[in-house]
Amino acid sequence: MASTLITVAPTGAETAKADCPALPTTLDELVETAKRCEAAGAAMIHLHIRDGEHRPTLELSRLTDAVAAIRANTGLIVQLSTGGAVTDPYDHRLRVLDAGPDSCSLTMGTVNFGDDVFMNPWPFVAELYQLSQEREVVPEFELFDLGHVAALHRLLDKFGLPYGGRVHCDLVMGVPGGMPGTTDALVAAVNALPAAVTSWSATGIGRTSLNVALAALSKGGHLRVGMEDTLTLAKGRPVTHNAELVERAAALATMAQRPPMSPDEARDFLNVKRDR
Ligand code: KMH
Ligand code: ZN
């Protein structure tokens, strides 16, 4: 039976701890979250980290410690965000790979991001991609818009396949400025993906989360959920732990007769490097 890769994105860079105390921001909270989410069905974690004041940071020693702590306490595939926060400079975002993750996010173009702009010009994307190939890190291509799908065609044509030979994407839908979190947009984006794509997941921001998950499952995709993207389970019902979102995703996937993939299966599925 086919199975579902569930990625949890527990923290992100946009929500303040003061506004949402349940957001995991310390290393201990991240490890506790990772363990519970693995038990609930997640196979990969998409990590953003925070500093001692709970502010987003790309400080290398903290990234390295987080990778080591998640590896020591779970079997999850560790994906570090190279997107960081909209204020992070390009050189800090490239340096993320020095922390030796299994996977890294790689956004395929610039996008309006609420009132901000998430900058991903072509030369930066090309440099980060080639660095991921050199460091043997499996990228996850983040697609916020249909134009990002076109850029993925261009990237693969110019620089070839990623490390490991699999091409895994995540459609990030419902960002104010990007593609909407609708079934129609998901189908349009999936139908436009390069033939080299071997798997894709989808993420719906905020209230689009459930609709995007259902559309992704019915179209044969995988799921990314977590408090980076969604802070309520329903109107008036705040998420109190990331595991609630993973449990819901796992239940939907099981109902669709595509139960969650184990981390070990996901390592083969994405062909991440085994001996880190
Ligand atoms: N925080 C956003 C500006 C990624 O992780 O690569 C970028 C983001 C994408 O979350
Ligand atoms: Zn992220």
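First listed ligand is number 1; within each ligand, the first listed atom is number 1.
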(Q) Assess, by modelled atom type and distance only, whether the side chains of Thr4 and His222 contain a donor and an acceptor separated by less than 3.5 Å. (A) no
Q.
Is a donor from one side chain sitting under 3.5 angstrom from an acceptor on the other, for Thr203 and Asp170?
A. yes
**Q.** Protein-derived N, O or S atoms lying under 2.8 Å from the Zn ion (ligand 2), waters excluded
**A.** 3
**Q.** Set of residues satisfying salt bridge (Lys or Arg N to Asp or Glu O under 4.0 Å) with respect to Arg276, sequence neighbours excluded
**A.** none
Q. If you measure from the Lys or Arg side-chain nitrogens to the Asp or Glu carboxylate oxygens, is any gap between Asp268 and Arg274 under 4.0 Å?
A. yes
Q. Can you list every salt bridge (Lys or Arg N to Asp or Glu O under 4.0 Å) pair that touches residues 62-89, not counting sequence neighbours?
A. Glu59-Arg62, Arg71-Asp102
Q) Do His168 and Ser199 have side-chain N/O donor and acceptor atoms under 3.5 Å apart? A) yes
Would you tabulate the polar-atom pairs, meaning N/O of ligand 1 against N/O of the protein, with distances under 3.5 Å, reported to 0.1 Å?
| unit_1 | atom_1 | unit_2 | atom_2 | d |
| --- | --- | --- | --- | --- |
| ligand 1 | 1 (N) | Glu14 | OE1 | 3.4 |
| ligand 1 | 1 (N) | Glu14 | OE2 | 2.8 |
| ligand 1 | 1 (N) | Gly84 | O | 2.7 |
| ligand 1 | 5 (O) | His46 | NE2 | 3.0 |
| ligand 1 | 5 (O) | His48 | NE2 | 3.1 |
| ligand 1 | 5 (O) | Ser81 | OG | 2.7 |
| ligand 1 | 6 (O) | Gly83 | N | 3.3 |
| ligand 1 | 6 (O) | Ser105 | OG | 2.7 |
| ligand 1 | 10 (O) | His48 | NE2 | 3.4 |
| ligand 1 | 10 (O) | Glu228 | OE2 | 2.9 |

**Q.** Distance-only polar pair, side chains of Glu244 and Thr240, donor-acceptor under 3.5 Å
**A.** yes
Q) Below 4.0 angstrom, N of the basic side chain to O of the carboxylate: do Lys273 and Asp275 qualify? A) yes
Q. Which atoms form the tightest heavy-atom contact between Leu128 and Ser105, and what is the distance?
A. CD2-O, 4.3 Å
